[in-house]
Amino acid sequence: MFSRAALLTAQRPLTLVASRTAAAAAAQPAGGAVERRQRPEHPGKVRLGFIPEEWFQFFYNKTGVTGPYTFGVGLITYLCSKEIYVMEHEYYSGLSLGIMAIIAVKKLGPLIAKWADGEIDKIEAEWKEGREAELKVLADAIEAEKKEQWRADGALLLMEAKKENIALQLEAAFRERTMNVYSEVKRRLDYQVECRHVERRLSQKHMVNWIVSSVLSSISPQQEKETLNKCIGDLTALALRVKSA
């Protein structure tokens with residue numbers, strides 16, 4: 001624990017250090033260029049678990065490699081010798097707690113880290129499983145959508161086929177009705193032709209009968225007898241001629 005007297009005593013060396021620093025800054029030439037510190041190659045690195053790498057680089061550039069360690073040991077010695085840092089019972093309690101914390105970290109740290117890594121792996125596996133399940137669901141949804149699109153395309157093809165089938169049915173019905181019209185017209189025309197033929201035959205038969213009846217009515221019984229005798233004489237002469245031949 002820092003005491004008030006120690007703090008008041010520590011103000012003098014700090015004031016002396018500040019005055020020396022100001023004098024050194026004033027002693028630099030006015031026209032000289034201030035050398036710029038180089039950045040460390042690996043920013044963010046620490047040493048001893050909590051000291052930044054930039055501090056070590058700063059002390060290395062100013063005091064050399066052993067400068068930071070010498071400064072640290074001298075600062076601790078100065079604080080303890082001047083009783084600025086008083087080693088009371090809380091110091092030893094803190095030292096004990098620090099040792100216990102180090103032992104706990106060294107002994108229990110790997111077990112806790114292994115358990116925590118296992119829990120993290122379980123959580124990560126659950127998340128990964130959920131992610132894969134969701135990806136599978138989405139992939140199945142995509143495949144189902146593609147299948148529905150394929151079915152929609154098939155429905156369009158089916159509609160086109162139905163349209164063509166209807167067109168063929170209409171064409172067949174048109175040709176059938178056209179054939180029916182042709183058959184009816186031909187039947188009626190054949191009926192008219194047959195009627196004309198029947199009328200012609202009746203007219204011819206009537207005319208023949210009229211002519212025959214007119215001729216028969218114009219022949220007298222004497223002419224019929226003479227014609228009959230003449231026919232008999234011609235037949236007799238023809239028979240004699242055949243016999244003589």
Side-chain angles (χ1 to χ4, degrees), residues 41-44 110-245:
E41 295 181 358
H42 303 284
L111 298 177
I112 296 174
K114 185 177 180 181
W115 174 80
D117 291 339
E119 292 296 323
I120 291 173
D121 292 337
K122 288 181 182 178
I123 295 173
E124 185 178 358
E126 291 177 359
W127 287 358
K128 186 176 181 181
E129 184 179 359
R131 178 174 174 272
E132 290 178 353
E134 186 175 359
L135 289 175
K136 186 177 183 301
V137 171
L138 294 176
D140 294 339
I142 291 172
E143 292 296 330
E145 182 65 24
K146 289 182 179 179
K147 187 177 290 185
E148 291 298 328
Q149 292 179 0
W150 174 72
R151 288 178 179 175
D153 295 337
L156 293 177
L157 294 176
L158 182 60
M159 290 297 295
E160 293 295 331
K162 287 183 177 180
K163 289 180 180 179
E164 292 181 359
N165 191 12
I166 292 172
L168 292 175
Q169 291 178 0
L170 293 176
E171 181 69 20
F174 172 75
R175 293 188 178 185
E176 183 180 0
R177 293 178 181 180
T178 304
M179 192 65 190
N180 291 333
V181 171
Y182 168 76
S183 300
E184 290 294 327
V185 171
K186 184 176 182 298
R187 186 174 63 81
R188 294 185 181 185
L189 291 176
D190 291 340
Y191 173 76
Q192 295 294 331
V193 171
E194 189 66 24
C195 289
R196 297 295 181 273
H197 289 168
V198 171
E199 290 178 357
R200 186 180 300 112
R201 284 196 299 272
L202 291 175
S203 299
Q204 290 178 355
K205 184 177 180 180
H206 178 69
M207 185 177 294
V208 168
N209 292 330
W210 180 73
I211 293 171
V212 170
S213 61
S214 298
V215 170
L216 290 177
S217 61
S218 62
I219 297 173
S220 61
Q222 185 65 31
Q223 290 178 351
E224 183 178 357
K225 185 177 179 181
E226 290 177 358
T227 302
L228 183 60
N229 293 329
K230 186 174 184 305
C231 289
I232 292 172
D234 291 335
L235 289 174
T236 302
L238 183 63
L240 293 173
R241 192 182 300 170
V242 172
K243 286 181 179 182
S244 62

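- Remark: E199 pairs with no residue by the salt bridge (Lys or Arg N to Asp or Glu O under 4.0 Å) rule, at least two apart or across chains.
- Considering OG of S213 and NE2 of H206, their distance stands at 8.5 Å, rounded to 0.5 Å.
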Quiz item: When you look at K205 and V208, which way does the side chain to side chain contact (heavy atoms under 4.5 Å, CB included) test go after all the steps?
Solution: CA-CA 5 Å; K205 184 177 180 180; V208 168; 5.8 Å; no
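- Between atom NZ of residue K147 and atom CD of residue E145 there is a gap of 12.5 Å, rounded to the nearest 0.5 Å.
- Side-chain contact check for F174 versus L170: every heavy-atom pair is 4.5 Å or farther apart.
- Other residues, nucleotides and ligands contribute more than 12 heavy atoms inside 6.0 Å of the CD atom of E184.
- Ion pairing of E226 with K230 is absent here, as no side-chain N (NZ or NE/NH1/NH2) approaches a carboxylate O to less than 4.0 Å.
- Side-chain contact between K114 and D117 is absent, with no heavy-atom pair separated by less than 4.5 Å.
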Quiz item: Would E132 and K136 satisfy salt bridge (Lys or Arg N to Asp or Glu O under 4.0 Å), going step by step from the backbone distance to the final call?
Solution: CA-CA 6 Å; E132 290 178 353; K136 186 177 183 301; over 6 Å; no
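- Between the N165 side chain and the A161 main chain, no donor and acceptor come within less than 3.5 Å of each other.
- Taking CD of Q169 as the start and CD of E176 as the end, the distance is 12.0 Å to the nearest 0.5 Å.
- Of the inter-residue distances, the one linking E160 atom CD with E164 atom CD reads 7.0 Å to the nearest 0.5 angstrom.
- Checked for salt-bridge contact, R131 and E134 miss the test: no charged N lies under 4.0 Å from a carboxylate O.
- Here L135 contributes atom CG and D140 contributes atom CG; the two are 11.0 Å apart, rounded to the nearest 0.5 Å.
- Inter-residue side-chain proximity for R196 and Q192 is flagged as met; some heavy-atom pair is nearer than 4.5 Å.
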